[in-house]
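First up is the structure itself, then whatever we jot down about it.
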Amino acid sequence: MVIFMKKSMQLYIHIPFCVKKCAYCDFLSFAADEKIQDAYIAALQKELDFYGSKYSDRYISTIFIGGGTPSWLNEGSMASIMDCVYRNFEVATDAEITIECNPGTVSDAKFIVYKEIGINRLSIGLQSANDEELKILGRIHTFEQFLRTYDKARHHGFYNINVDLMSALPGQSPEGFISSLKKVVRLKPEHISAYSLIIEEGTPFYDKYQKDVKLREAGCKTTMLPTEEEEYQTTKWTQELLQEKGYHWYEISNFAKPGKECRHNIGYWKRADYLGVGLGAASLIDNVRYANTRDIYAYIDCPEKATLQERMYGWNAVESREVLSRDAQMEEFMFLGLRMIDGFHREEFEKSFGVAIEGVYGTELKRLQQEELLLQKEGRIRLTEKGIDVSNYALSQFLLS
Amino acid sequence: MSIDQSKIRNFCIIAHIDHGKSTLADRIIEHTGTLTSREMQAQVLDNMDLERERGITIKSQAVRIIYKAKDGEEYIFNLIDTPGHVDFNYEVSRSLAACDGAILVVDAAQGVEAQTLANVYLALDHDLDVMPVINKIDLPSAMPDEVAQEIEDVIGIEAMDAPRISAKTGLNIEDVLEQIVNKIPSPTGDADAPLKALIFDALYDSYKGVIVFCRIKEGTVKVGDKIKMMATGASSEVTEVGYFGAGQFISCDELSAGMVGYICASIKNVRDTQVGDTVTNANKPCTEALPGYKKVNPMVYCGIYPADSAKYPDLRDALEKLQINDASLHFEPETSLALGFGFRCGFLGLLHLEIIQERLEREFDLDLVTTAPSVIYRVHKMDGEMIELTNPSNLPDPTEIEYMEEPIVSAEIMVTKDYVGSIMTLCQERRGVYISMEYLDANRALLKYDLPLNEIIYDFFDALKSRSRGYASFDYELKGYERSELVKLDILINREQMDALSFIVFRDNAYERGRRMCERLKEEIPRHLFEIPIQAAVGGKIIARETVKAMRKDVLAKCYGGDISRKRKLLEKQKEGKKRMRQVGNVEIPQEAFMSVLKLDED
C-alpha cells in the first residue's frame, strides 16, 4: 500500500474593497462599485482554479480572508468564493478559517452563510472603544455598533473571535487606551490584537501628523500623537492587563486564550508555505516569494490575456518573484521567528540551514545578549521584554548584507 | 609647418560671476564653426559635471578656434576660459599668464561689479590689453551707454566702441571677433630660441600620463624632444604635442613660440609636474625660468577622512591627482581619535573646499567625512615659540599660551542702498570693524569692513545673500593678523572628548556657540539604547549640555497578509542608517555631525 502524504499550505484571500478608506490606512483597499466587485470575484475564481490544479499535491491548513473589508461583500459572493476554494483544494477538516469583519457591515444573513461555508473564526476591526477616536480615525462605525455585531456573532455560534485594537492614536493617553482595552476584555474575546498606530506615508494622517512623528522619533514632546514614553507605558500596561486576564502573549502584538492563538499568522512567523490570491496578494512557496499586481484593472483583465509562457511562474497576475537566497532565508527566519514571544529553538535553525546558529549570527547574538535584548535558555532563543520594546533595532541586526 | 605669429591671438575672457563669460565663449566657438551646433552642448568649456550643475567655471579650459576675418585672412584664436569666483583668483591668474589680451564682459544691466574690478586689475598686472564687451543688451533693464560710461569712469579704459552684444541670442558676436583681431596683440617670441614654455594647467590621463597645458613663450617643441621641468628637474621624452579642439585634444607636429597647446611625455609621477613651472629642452635649455605664479597660500583648513578607513590610500592618490592642476590645494596626513587616518587639507576658501570635496566624491567615488573648517591661528607661546595652528585639536595647553592671533580680512561689500542697514548689522554680528562707506551712485554703496576670517568662512556668503536678497557682492583680501581673545571649544559625547569636533571660537561667543552646538548634535545623533550626554567645554569647564534620550520603544507595524517585503525594507533602512555612522566608543555618530559647526547659524 502506498501512503501518499500531502504537504500543507495556507491560503490567503484578499478582498480589497471598503465602504470608505480610513484616514490612517495604507493597505491595498478602496471603495468600488458592484460591477468591479463582480469582475474581481470572477478573476479571483479563475486564479483559484489555476492554483487548485497547480497545487493538487497540497492540502490547505488555514484560510484567512482579509482586506479591505471582506464582510462588506454580499453573502452570495462570499459563498461563491469559498465554493471555489472547496472545489479546487483539499481543505483540512480542522482548518482554521478566518474572515475579517468590520462592525456595521455584517447582517444575520451573512453570519448564517459564513457558518455554512465553514468559516470558524472572525477578526473584528474595532480599533477603539471610544467614539471620538473612531471618528478621528475615519471609521464608519461606533462602539455601540461593534457591540451589536459582536453579540450577533456569538449568537450565531462563533466562538473564536479576534478584536483588533489600535493604540497611540492622536490625543490618546495611556489611560484612554487601557479603558478601551478593558471594555473589550469584559466581552472575553478569544484573541486580541493590540497594535500601535503607525503613521504611514501617503495617508491623510501622514500629512496631518508627520511633524509629530519626527518629534517622537527624536524623543521630543509631541503636539497630538502620544510621546514615545506614553507609548511605552501603554504597551507595558497592555501586556500586564491581558496576561492577568488569562491571555497568552504569544507574539509582539498578539494575545490569545490558550489554544486560540491564530494559526494562520503563526504560519507567517514560522515561514510556513502560503498561497496568496487576489489583488496584491503575497505568497511564499518553497522559499520563493511571489506578489500579485496591485493594479485592479490589470488583475481583472489578466485571465483573458494569459498565455502559457506568461504563466511560467504561476498565475499571470504575479508581478514579482524572488527566489530567496540562503542568506535571505536565514534573515527571515530570525526577524520573523523572533516576533514570537517564545522565539525558536536553536535546533530549528540548525535543521533548516545545516549550520549552528552561532556560525552565522555569533557576534549578533552575543552583542544583543550583552545589551540585554535577547535571551538564550534551554536551547530556545527569544527577545527579552526590552528587546521587544525596541524590536526594530534588535531585528535589524540579523540582516546579513 | 610653421604658423605666422601675427595670425595668432591668445586671449581669455574675464567677468564678474554671472555676467555671461561662458556663454560668450560658447557663442564664439559656435560662430566660428569650431563645433557644429549638434555637437554644441550649452557651455562647452565647462566640461566638468560639477561646473555645469553649478553654472560656474572652476578649472580653466582652453580651445583653439580658426576665424576668417573681414580682411580675408585666417586667424588662430586660443581662447582660455577663466573662473569668476573670488576663491579662484589663483586660477584666473594662471590663465592670464598664458594670454596676451583679455575680453572683459560687463553685464549691461548690472554694470561694473566687485569682481569686474578685481579681474581687470589682475589682467593689468599681467600686462594684458583689456577689451571691454557689453553683454545682455537684450535685457529690458539694459543700459549699455551708461555702462560704457561707467567702465571708462571706474576702470579707466576706453569703452565707447565696445561691442554691445547678447551672448545668449548671438547678437553682434561678429563685432567681438573683429575686435579680437584688431585690438588683441599677437604674441611675440623667437621660435628658434631655446624652449621656454609656461605650464598653466595639467591633467592626469591614465593612458598618456600627465598632460601638460602650456603657452610656448620662446622656441619650439616637437615629438622626440627631450624636455625638462625647470623647478622639479624631471625630464622625459615628448610623445605627443597638440592643441585644444573644443572638448578634445588634437595632435600636431610641433608647437612654436606664441602658441598654446599641450605636451605629453609619459610623465607618470604627478609630483614631477607643477603648474607655473617652466618647460625647456633638456639638450638646449634656456638660461632662466619664467617668473611663474605668485604662490598662493591656503586660508582655510579642514580634516578630510575616508568614511571607510580602508580607502585611505585611495584618498591620498585622489588628492595627489587633484593637486597636479590645483597647486593651491595643500594636504598632509593627520590622525583623529574619532575618525582614524585622514588628511588635513588647506583651501583658498570655502567654495574651493566644497569643490574639492565634491570632486573627490564624484570623480574618485570616495565617501568622505569632513570636519569643520578652520582658519590658521597664530599661537604665541610663553617660551617665545610661535605656532601656526591649522587643526584646533593641536592647540597647546592654555597655560603655555601667552596670546593668540587670528587672520583679519579687508572686506568690500557692494550693496544696493535698501540693504545697507541689514548688511551693516550682519558685519557687526560677525565682529566686523567698520572702515568706510561710499555711495558709488544714487543706488549703490560700497561698504568696507575689517572682519575676522573665521567669521566669514562658514556661512557669510549665504547670510549676505539672504539679507540683501542677492543684491550684495563681496570681495576680501587678507589684511594681516590681530591679537584676539580666543578659546578652544571642546565637545564631549558620552563623556568622551571628540577631537574632530573641537573648534576655536572668540571667547565671548563660546557659551552661545557651545549651547547651539550641543543642540545641533542632539538633533544629529540618533537615539541609542542608553542615554547620551552631549557637553560643550572650555578649558575643562562644562558650559553647555544636552541629552540624547534612550530609545524606549520602536516596534514594527502589523504585518499584513504575509507581505513581509515592507517589513524587510524598514529593517534594511534602519540598518542602512548605521552605515553612515562612525562608531566612537559605544556611540554611533552620523558623518554629517562632524560638519555641525557649519550649521550653527541656520534657522
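Order of the sequence lines fixes the chain letters, A, B, ..., with proteins taken first and strands second; residue numbering starts at 1 for each chain.
- The part of Leu373(A) that comes within reach of chain B is its side chain, from C-beta onward, which places non-hydrogen atoms under 4.5 angstrom from that chain.
- For chain A, the option among Glu572(B), Lys522(B), Arg568(B) with the highest count of heavy-atom pairs below 4.5 Å is Arg568(B).
- Between the Ser422(B) side chain and the Arg467(B) main chain, a donor and an acceptor come within less than 3.5 Å of each other.
- Remark: Lys573(B) NZ is loosely packed, at most 12 non-hydrogen atoms of other residues, nucleotides or ligands lying under 6.0 Å away.
- Ion pairing of Glu229(A) with Lys549(B) is absent here, as no side-chain N (NZ or NE/NH1/NH2) approaches a carboxylate O to less than 4.0 Å.
- For CZ of Phe506(B), the number of neighbouring non-hydrogen atoms (other residues, nucleotides, ligands) closer than 6.0 Å is greater than 12.
- Of the atoms belonging to Glu322(A), not a single heavy atom falls under 4.5 Å from chain B.
- Between Lys553(B) and Val390(A) there is no side-chain heavy-atom pair separated by less than 4.5 Å.
- When heavy atoms are compared at a cutoff of 4.5 Å, Arg552(B) approaches chain A by way of both its backbone and its side chain.
- Residues Tyr250(A) and His191(A) bring their aromatic ring centres within 6.0 Å.
- Between Phe341(B) and Tyr305(B), a ring centre-to-centre spacing not shorter than 6.0 Å is recorded.
- Between Tyr312(B) and Phe343(B), the ring planes lie parallel to each other; the angle is under 30°, not in the 30° to 60° tilted range.
- Heavy atoms of Arg289(A) lying under 4.5 Å from chain B belong exclusively to its side chain.
- Looking at Ser320(A), neither its backbone nor its side chain comes within 4.5 Å of chain B, counting heavy atoms on both sides.
- Within residues 528-546 of chain B, the residues having any heavy atom under 4.5 Å from a heavy atom of chain A are, by residue number, Leu529(B).
- Looking at Leu324(A) and Glu332(A), their side chains come closer than 4.5 Å, going by heavy atoms from C-beta outward.
- Interface residue Ala328(A): backbone and side-chain heavy atoms are both found under 4.5 Å from chain B.
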